[in-house]
Amino acid sequence: MIAALIFDLDGTLVDSEAPGLDVLHEMAAALGAPWARHEMHALFGGVPMARCISVIAQHLPATQPQLDEAAFLLQLRANMAARFRQGLNEIPGAMALLQSLQERPMPFAVATNGPRAKADITLGITGLRPLLGDRLFCAPEVGSFKPEPGLFLHAAAALGCAPNTCAVVEDSLPGLQAGLAAGMQVFSLHPPEGLPSEVADRVHFIDGLVPLHACLG
């Protein structure tokens, strides 16, 4: 039985993962980073931006000056926010699913590797923010980033539910790994392809939030 649901944000409730990574790719490519767009999406999906930038800094051409990672991150956040404000959609079925959980009622929360400012922008643009109240948990504030389990365990404790009664909904490998490490049931929006077998064999694959809504009954 599932007592509570914990959702990732980018790529799970809000269609912000791809445009955010597109901004990262554009900025990194301008400095000479070696990855194509699809390679960067595969490499950095679900990874904290500070870690992404650290990896990028290690792969820039020797002719480039040393990257000021803090300044790059600030500019990245500003550019991402500007891109999101051009238009951002919920993942199909997100609003209906969260509203139905409110009506049941079933406790739910969002647990994201991103900072609160970014989460407030993406949730605000898509109209989902009022549904969450104080149940938005951000890794920089908790001090634990996926694939570590701490963020999900923090969310479960805040919801008053044991980890083994919670289900996680995720779209990235780090998020899936974090949910499994927390001892939770894990629903994967990420297809089996590209996942290690030790992860793929332990998660429940779903084609979207609408099928998840249906299977919750």
Peer 1: Taking side chain to side chain contact (heavy atoms under 4.5 Å, CB included) as the test, write out the residues that go with N89, two or more places apart.
Peer 2: none

Peer 1: I need the L173 CG to L43 CG distance, nearest 0.5 Å.
Peer 2: 11.0 Å

Peer 1: Out of curiosity, does L74 fall in the hydrophobic cluster containing F84 (side-chain heavy atoms, cut-off under 4.5 Å, transitive links)?
Peer 2: no

Peer 1: Using the side chain to side chain contact (heavy atoms under 4.5 Å, CB included) criterion, which residues pair with P130? Sequence neighbours excluded.
Peer 2: none

Peer 1: Linking I/L/V/M/F/W/Y whenever their side-chain heavy atoms sit closer than 4.5 Å, directly or via other members, would I2 and V110 fall into one cluster?
Peer 2: yes

Peer 1: Can you list everything that forms a side chain to side chain contact (heavy atoms under 4.5 Å, CB included) with A81? Sequence neighbours excluded, please.
Peer 2: R85, I121

Peer 1: Quick one: does any side-chain atom of T126 pair with a main-chain N or O of L123 as donor and acceptor, under 3.5 Å?
Peer 2: yes

Peer 1: Could you tell me whether Q58 atom CD has more than 12 heavy atoms of other residues or ligands within 6.0 Å of it?
Peer 2: yes

Peer 1: Using a cut-off of 6.0 Å, state whether more than 12 heavy atoms not belonging to D201 lie near its atom CG.
Peer 2: yes

Peer 1: Nearest 0.5 angstrom please: L73 CG to S54 OG, how far?
Peer 2: 11.5 Å

Peer 1: Determine, stepwise, if the pair R129 / L136 fulfils side-chain contact (heavy atoms from CB on, under 4.5 Å).
Peer 2: CA-CA 9 Å; R129 187 65 185 90; L136 170 61; 3.9 Å; yes

Peer 1: I'd like to check L212 versus L189 (side-chain heavy atoms, cut-off strictly below 4.5 Å). Are they in contact?
Peer 2: no

Peer 1: Evaluate the side-chain proximity of H41 to H25: yes if any heavy-atom separation is below 4.5 Å, no if none is.
Peer 2: no

Peer 1: Can you tell me how far apart CG (L24) and CE (M49) are? Round to the nearest 0.5 Å.
Peer 2: 5.5 Å

Peer 1: With the side chain counted from C-beta on, respond yes when L128 and F7 share a heavy-atom pair under 4.5 Å apart, and no when they do not.
Peer 2: no

Peer 1: Return the minimal non-hydrogen interatomic distance between G32 and L60, and the atom names on each side.
Peer 2: C-CD2, 4.3 Å

Peer 1: Under 3.5 Å, side chain of E170 to main-chain N/O of V186, donor-acceptor pair present?
Peer 2: no

Peer 1: Do the side chains of I91 and L132 join up, straight or via other hydrophobic residues, at under 4.5 Å, putting them in one cluster?
Peer 2: yes

Peer 1: Do any N or O atoms from the side chain of N113 and from the backbone of G46 form a donor-acceptor pair under 3.5 angstrom?
Peer 2: yes

Peer 1: Taking all non-hydrogen atoms of both residues into account, name the closest pair between S100 and H213 and its distance.
Peer 2: OG-NE2, 3.1 Å

Peer 1: So, taking the atom named CG in L209 and the one named CD in E90, what distance separates them when rounded to the nearest 0.5 Å?
Peer 2: 8.5 Å

Peer 1: Does any pair with a residue in residues 100-144 pass ring pair (Phe, Tyr, Trp, His ring centres under 6.0 Å), and if so which ones, sequence neighbours excluded?
Peer 2: F137-H154

Peer 1: Between V47 and P174, what is the shortest heavy-atom contact and its length?
Peer 2: CG2-CG, 4.2 Å

Peer 1: Under the ring-ring contact (aromatic ring centres under 6.0 Å, His included) rule, collect the residues that match up with H204, sequence neighbours excluded.
Peer 2: F187

Peer 1: Testing the basics here: between S188 and V203, what is the closest heavy-atom pair and its distance to 0.1 Å?
Peer 2: CB-CG2, 3.9 Å

Peer 1: Answer yes if L98 and F152 sit in the same cluster of Ile, Leu, Val, Met, Phe, Trp and Tyr residues linked by side chain heavy atoms under 4.5 Å apart, and no otherwise.
Peer 2: no

Peer 1: So, does Q177 use its side chain to make a donor-acceptor pair with the main chain of P147 at under 3.5 Å?
Peer 2: no

Peer 1: Are side-chain heavy atoms of T112 and K118 found at a separation under 4.5 Å?
Peer 2: no

Peer 1: Please report the shortest heavy-atom distance between R77 and P115, naming the atom on each side.
Peer 2: NH2-CD, 3.2 Å

Peer 1: Using only atom types and a distance under 3.5 Å, with no angle test, would you say the side chain of K146 pairs donor to acceptor with the backbone of A111?
Peer 2: yes

Peer 1: Roughly how far, to the nearest 0.5 Å, is CD1 of I125 from OG of S16?
Peer 2: 9.0 Å

Peer 1: If only atom types and distance count, is the side chain of Q64 paired as donor or acceptor with the main-chain N or O of P61 below 3.5 Å?
Peer 2: no

Peer 1: Quick one: are L180 and E198 in side-chain contact, heavy atoms under 4.5 Å?
Peer 2: no

Peer 1: Check V142 against G150 and note the closest heavy-atom contact, atom names and distance.
Peer 2: CG1-O, 4.4 Å

Peer 1: How many angstroms lie between CE in M27 and CD in Q75, if you round to the nearest 0.5 Å?
Peer 2: 5.5 Å

Peer 1: Tell me whether L76 shares a hydrophobic cluster with L67, the cluster being built from Ile, Leu, Val, Met, Phe, Trp, Tyr side chains joined at under 4.5 Å.
Peer 2: yes

Peer 1: Only counting residues at least two apart or in another chain, list the ones meeting side chain to side chain donor-acceptor pair (under 3.5 Å) with R83.
Peer 2: E26

